[in-house]
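Order of the sequence lines sets the chain letters (A, B, ...), proteins ahead of strands, with each chain counted from 1. Every heavy atom of this structure was used, including side-chain atoms; hydrogens, water molecules and symmetry mates were not.
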There are 2 protein chains.
Amino acid sequence: MGFMTSSVPESRGGGATATSVEADLGWALGVVFRRYAKAAAAALDDVPGGPRGYQVLATTNAEGPKRQLDLAAQLGVDRTVMTYLLDDLEKTGLVLRQPDPVDRRARLIVPTDQGKETLCDLERRLSAAERDVLGSLDEGERLIFRMLLQRVAVKADAVDPIQNACELADETIDITET
Amino acid sequence: MGFMTSSVPESRGGGATATSVEADLGWALGVVFRRYAKAAAAALDDVPGGPRGYQVLATTNAEGPKRQLDLAAQLGVDRTVMTYLLDDLEKTGLVLRQPDPVDRRARLIVPTDQGKETLCDLERRLSAAERDVLGSLDEGERLIFRMLLQRVAVKADAVDPIQNACELADETIDITET
DNA sequence: TATTGTTATACTCTATAACTATA
DNA sequence: TATAGTTATAGAGTATAACAATA
């Protein structure tokens with residue numbers, strides 16, 4: 001179990017060697033994740049906030065206007081971080097802060113036309129990054145891998161949703177109490 | 001492509017929705033990685049340096065005494081960070097800094113008996129974490145998933161070994177030049 | 001009184017530079 | 001001169017606390 005940083009699996013020889021069958025999940029997971037993260041970060045380099053900035057664009061574009069706090073909760077970032085992030089995105093002209101008609105404290109985040117165009121371009125770049133990372137698998141294997149990974153992820157996310165199931169709850173009828 | 005942070009895939013409805021077939025590799029990868037990282041970090045909580053500390057133990061135990069600089073390169077951490085890390089590990093009695101007989105500048109890092117025992121315990125905990133994360137797959141699927149992941153990882157690591165293939169080169173005969 | 005968003009501050013992690021002791 | 005390791009310092013990224021406006 002090389003955990004998640006070291007390069008090269010290394011031939012195991014010495015003392016408390018890892019179990020043989022379960023070879024290095026952590027290592028593999030770490031390598032693949034970082035590889036994708038790096039490729040993605042490179043693809044998103046010119047977006048303010050990088051991956052975070054992209055997420056704001058993608059979410060607001062796909063799901064419509066969002067309040068800052070909801071956005072922060074959904075993306076798993078602190079609300080103070082969201083402020084800085086949106087400052088940069090707004091400065092670059094990718095999103096707008098609009099007053100919420102039903103709550104004058106809140107601001108609704110919407111992507112600008114330029115933001116939508118940028119997003120479209122970023123999606124393409126990310127697709128390329130994905131294909132690049134999974135390049136060692138053929139079509140069929142890639143499909144299987146994705147399917148299994150997706151299943152593991154959905155389960156993992158259900159067990160441990162970043163931290164904000166509560167925030168999401170108000171989008172559905174509240175069945176948790178009474 | 002929900003990238004790698006947001007919780008819950010969310011139903012896609014709006015504008016520039018992600019491509020339908022390649023559903024959210026980044027998101028899934030991120031979720032699974034963080035889930036494992038979190039579980040592993042919890043399992044390694046009482047080890048100085050957490051995952052890093054574990055890696056030092058695992059590497060020096062499996063591959064024998066290592067000089068600090070080599071260890072740092074192999075684990076992908078800065079040499080200054082390695083100093084702090086080893087300070088803590090040595091203070092806790094898990095490793096020793098021994099003088100290198102062939103170079104009085106260098107120190108060889110070796111695990112103590114206590115370090116080896118601790119390592120043994122940690123390996124068990126990490127195995128549990130692994131089984132936990134992959135819990136949604138049955139035996140056969142787990143095997144396939146591991147195999148595919150491993151292949152992707154090995155390729156990814158070859159393309160982009162953390163950054164220090166050069167440092168590793170002196171352990172083999174240098175065939176890269178001449 | 002509680003909540004949205006902002007600002008200022010502090011903390012953590014990591015990297016950079018300067019230093020020593022050896023080579 | 002270059003290298004192994006240490007130390008001090010500075011930088012990014014993130015979280016905490018106090019604040020203004022509104023509910």
So, is [X] near the phosphate of [N], with a side-chain N or O under 4.0 Å from OP1 or OP2?
| X | N | result |
| --- | --- | --- |
| Arg67(B) | dA4(D) | yes |
| Arg107(B) | dA21(C) | no |
| Thr83(A) | dT6(C) | yes |
| Arg52(B) | dT14(C) | yes |

Starting at [atom1] of [X] and ending at [atom2] of [N], how long is that distance when rounded to a whole Å?
| X | N | atom1 | atom2 | value |
| --- | --- | --- | --- | --- |
| Arg104(A) | dA23(D) | CZ | P | 5 Å |
| Leu71(A) | dG5(C) | CG | P | 10 Å |
| Leu108(A) | dG5(C) | CG | C1' | 13 Å |
| Met82(A) | dA15(D) | CE | P | 12 Å |
| Asp78(A) | dT12(C) | CG | C1' | 15 Å |
| Arg79(B) | dT14(C) | CZ | C1' | 14 Å |
| Leu85(B) | dT12(C) | CG | P | 17 Å |
| Tyr84(A) | dG5(C) | OH | P | 15 Å |

Is there a donor in the side chain of Glu63(A) and an acceptor in the side chain of Gln74(A), or the other way round, less than 3.5 Å apart? yes

For Arg52(B) and Leu75(B), run side-chain contact (heavy atoms from CB on, under 4.5 Å): C-alpha distance rounded to whole Å, both residues' side-chain angles, the deciding distance at 0.1 Å, then the answer. CA-CA 8 Å; Arg52(B) 294 286 174 67; Leu75(B) 268 48; 5.5 Å; no

Which listed nucleotide ([options]) is nearest to the side chain of [X]?
| X | options | result |
| --- | --- | --- |
| Leu69(B) | dG5(C), dT6(D), dA4(D) | dA4(D) |
| Arg105(B) | dA2(D), dA15(C), dA15(D) | dA2(D) |
| Gln68(A) | dT6(D), dT16(D), dT6(C) | dT6(C) |

Please lay out, stage by stage, how Leu149(A) and Phe145(A) fare under the test side-chain contact (heavy atoms from CB on, under 4.5 Å). CA-CA 6 Å; Leu149(A) 177 66; Phe145(A) 178 72; 4.3 Å; yes

Are Tyr36(A) and Leu134(A) packed together at the side-chain level, in the sense that at least one heavy-atom pair is separated by less than 4.5 angstrom? no

Using a heavy-atom cut-off of 4.0 Å across all strands, would you classify Asp103(B) as base, sugar-phosphate, or nothing? sugar-phosphate

To the closest 0.5 Å, what do you measure between CD1 (Ile109(B)) and CD (Gln68(B))? 4.5 Å

Taking for each residue the nucleotide of DNA chain D bearing the nearest heavy atom, is the 5' side occupied by Val81(A) or by Asp87(B)? Asp87(B)

Between Leu86(B) and Thr80(A), whichever has its closest DNA chain D nucleotide further toward 5' is Leu86(B)

